[in-house]
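Okay, so here's the structure we're looking at.
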Amino acid sequence: MDQILVQTLHGVVNGMVLAMVASGLTLIFGIMDIVNFAHGDLLMLGAFVGASVLGVTGNYWLALLAAAVAIAILGAVLQVTTLRPLIGRDPLTTILATFGLSLVMQKYALWQWGPSVRRISEPVPGDFTLFHIQYPWYRVATAVLAGLILGGLWLFLKYGKYGIWIRATTQDRVMAQAMGIPVPLVYTAVFAIGSAMAAASGVLFGPFAGVTQTMGFDFTLRAFIVVVVGGMGNLGGSILASIFVSLLEAYAAIVVSPAQAVIVSFIVLVLTMLFRPTGLFVPTPK
Amino acid sequence: MVNGEAGYNSWRQRGRRVTPVLEIDDVAVYYGKRRALEALTLTVGPGEIVTLLGANGAGKSTTLRAVSGLVRPARGRIRYEGRDITQVPADAIVAAGVGHVPEGREIFPEFTVLENLLVGGHTVGRSQLGERLEAVFRLFPVLRDRRPQPAGTLSGGEQQMLAIARAMMLEPKIILLDEPTEGLMPRMVAQIQEIVHALHRDGVAILLVEQNVPLTLDAAGRVYIMEKGAVRHHASSAELRADQRVIHEYLGV
């Protein structure tokens with residue numbers, strides 16, 4: 001029983017970080033119909049930028065902010081130069097383009113920061129005892145911070161003037177254009193927001209397992225799974241699916257190794273594709 | 001005199017000194033290799049109601065889409081209040097005062113009624129927003145009570161009202177109305193007709209695409225009959241009422 005409660009906390013913490021990654025991916029897909037295979041690599045670059053800023057300033061929160069801003073700008077530049085010209089083309093073209101960007105970013109990180117693992121020290125030190133197990137405060141703080149960032153994103157989308165632009169463009173881009181919403185600018189802004197979310201996730205995740213130039217692929221894959229399970233383009237669904245899948249993995253890790261527990265995610269993905277391809281966390285289409 | 005003719009005649013009486021709200025001059029539009037408009041020329045004066053009549057595929061909706069910047073002409077010029085807007089982005093055209101109500105009651109169904117109106121008035125400053133909403137609710141009282149309701153749950157007629165109300169949020173000088181009565185019950189058609197008259201009384205010019213011939217002849221000052229992407233006939237609604245052979249010839253009604 002104790003183990004189940006600990007694993008529940010573990011699953012929720014991992015789920016919140018994954019939700020931040022997936023929210024960016026699903027926003028970008030929802031508005032532009034682009035599956036961004038470079039999303040995890042934006043996370044990886046954000047983590048490296050965060051680690052570098054932390055190394056220079058010693059301030060974790062400044063590193064978090066700097067990484068989010070730097071990668072948001074990079075995301076905006078990539079959208080304008082690489083993806084905007086491809087809008088309306090065959091989806092395979094954009095998939096290949098983002099896959100190419102992913103490789104470029106990985107090789108750049110290898111060249112710039114080398115192959116060794118970079119550490120990001122925890123900004124919130126110390127542990128607390130939970131059922132005879134020492135659990136780091138930083139993990140709990142990460143879940144809370146991720147929740148606050150996601151809540152802020154939700155409030156922005158729901159009540160912000162530019163949030164309404166984004167939601168309107170997601171529903172019907174031609175209609176949004178007819179209403180005078182600058183749709184190309186909205187596309188770029190959403191890509192920048194998604195990139196910033198990925199970068200912040202990278203810095204938040206950094207203290208868990210270190211930063212390497214290959215860490216992005218795993219996040220892209222896991223975020224893609226939860227975006228499909230949650231319903232493509234559905235922000236709330238992706239957040240719920242992130243926690244759901246992470247909890248299942250955490251519970252599976254009680255009986256199998258954590259590496260084997262990942263298989264649970266793939267099983268959920270396959271079952272979703274077979275029986276409810278619109279996603280588990282979207283209302284049943286009437 | 002029928003409603004729309006008042007604006008038409010007053011504009012004509014002022015002669016060429018008054019700049020038309022909208023001038024389309026020799027415009028051609030292509031979708032890929034398919035020609036949608038060819039050498040289209042028409043004008044809409046201040047406060048005037050002009051109707052485009054024609055069978056499906058005649059190019060009426062494309063004309064409206066070209067004016068609001070949703071498609072780019074391959075040739076020709078479009079001027080709004082004398083300013084060339086042929087290559088101006090759609091958002092700048094809307095901000096300048098061109099409202100577009102597309103065909104098919106295209107509202108944002110997942111938004112509430114209020115959110116739809118806020119999208120329509122997104123360039124209006126915060127200080128003026130309440131005033132604009134009040135003005136729109138005076139014109140469409142039914143929407144005032146439906147503010148928190150998801151727009152997708154409104155009736156067809158109410159959705160059409162919302163689409164027009166949304167375009168009105170920007171206080172446009174011209175509204176492009178694309179088949180506003182399509183698929184509506186006769187009672188709702190009469191309401192939409194009344195709204196068109198109310199907009200006209202407020203001095204808003206209207207470029208109306210309509211298949212409903214009686215409504216067209218009642219509302220419009222002038223009528224352009226289109227076929228295969230070009231204007232085949234141009235007359236005042238009074239002339240067409242007096243001699244409906246042209247309508248029979250082109251529309252078969």
Side-chain angles (χ1 to χ4, degrees), chain A residues 26-27 29-33 79-80 84-85 87-90 153-190 230-238 278-279 281-286, chain B residues 32 61 64-72 85 88-112 114-126 129 150-153 159 162-163 165-172 175-178:
Chain A
T26 204
L27 266 182
F29 177 81
I31 203 162
M32 282 180 270
D33 289 339
Q79 197 278 334
V80 171
R84 187 182 283 181
I87 286 173
R89 299 256 194 101
D90 188 326
L153 178 68
W154 183 82
L155 287 174
F156 164 73
L157 290 173
K158 179 74 180 164
Y159 298 110
K161 176 182 173 182
Y162 301 113
I164 287 185
W165 284 16
I166 291 170
R167 287 192 293 137
T169 309
T170 304
Q171 279 189 58
D172 188 335
R173 70 190 69 164
V174 176
M175 191 64 238
Q177 216 170 2
M179 290 297 98
I181 292 173
V183 170
L185 190 66
V186 172
Y187 283 168
T188 306
V190 166
M232 300 286 275
N234 180 342
L235 181 63
S238 293
T278 53
F281 297 98
V282 289
T284 305
K286 294 189 177 80
Chain B
S61 295
L64 303 194
R65 290 168 64 82
V67 172
S68 60
L70 298 179
V71 293
R72 291 280 169 227
I85 58 165
V88 172
D91 53 298
I93 292 174
V94 174
V98 178
H100 188 176
V101 182
E103 187 182 4
R105 302 190 281 280
E106 286 203 40
I107 42 119
F108 295 106
E110 292 171 25
F111 280 4
T112 64
L114 182 62
E115 284 175 329
N116 267 280
L117 294 174
L118 292 177
V119 169
H122 68 88
T123 59
V124 177
R126 275 187 192 278
L129 201 54
T153 63
Q159 287 187 16
L162 176 59
R166 191 181 51 188
M168 288 302 295
M169 282 295 292
L170 281 176
E171 231 175 340
I175 284 199
L176 316 174
L177 276 178
D178 199 346

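In the text below, chain A, chain B and the rest are named by the order of the sequence lines, each starting its count at 1.
A pairwise comparison of heavy atoms in B:Val119 and A:Ala168 identifies CG2-CB, 4.2 Å as the closest pair.
Residue A:Val183: no heavy atom, backbone or side chain, is found under 4.5 Å from chain B.
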Heavy-atom donor-acceptor pairs under 3.5 Å, chain A with chain B:
| unit_1 | atom_1 | unit_2 | atom_2 | d |
| --- | --- | --- | --- | --- |
| A:Lys161 | NZ | B:His122 | O | 3.0 |
| A:Arg167 | NH2 | B:Glu115 | OE2 | 2.9 |
| A:Gln171 | OE1 | B:Glu110 | N | 3.2 |
| A:Met179 | O | B:His122 | NE2 | 2.9 |
| A:Gly180 | O | B:His122 | NE2 | 3.4 |

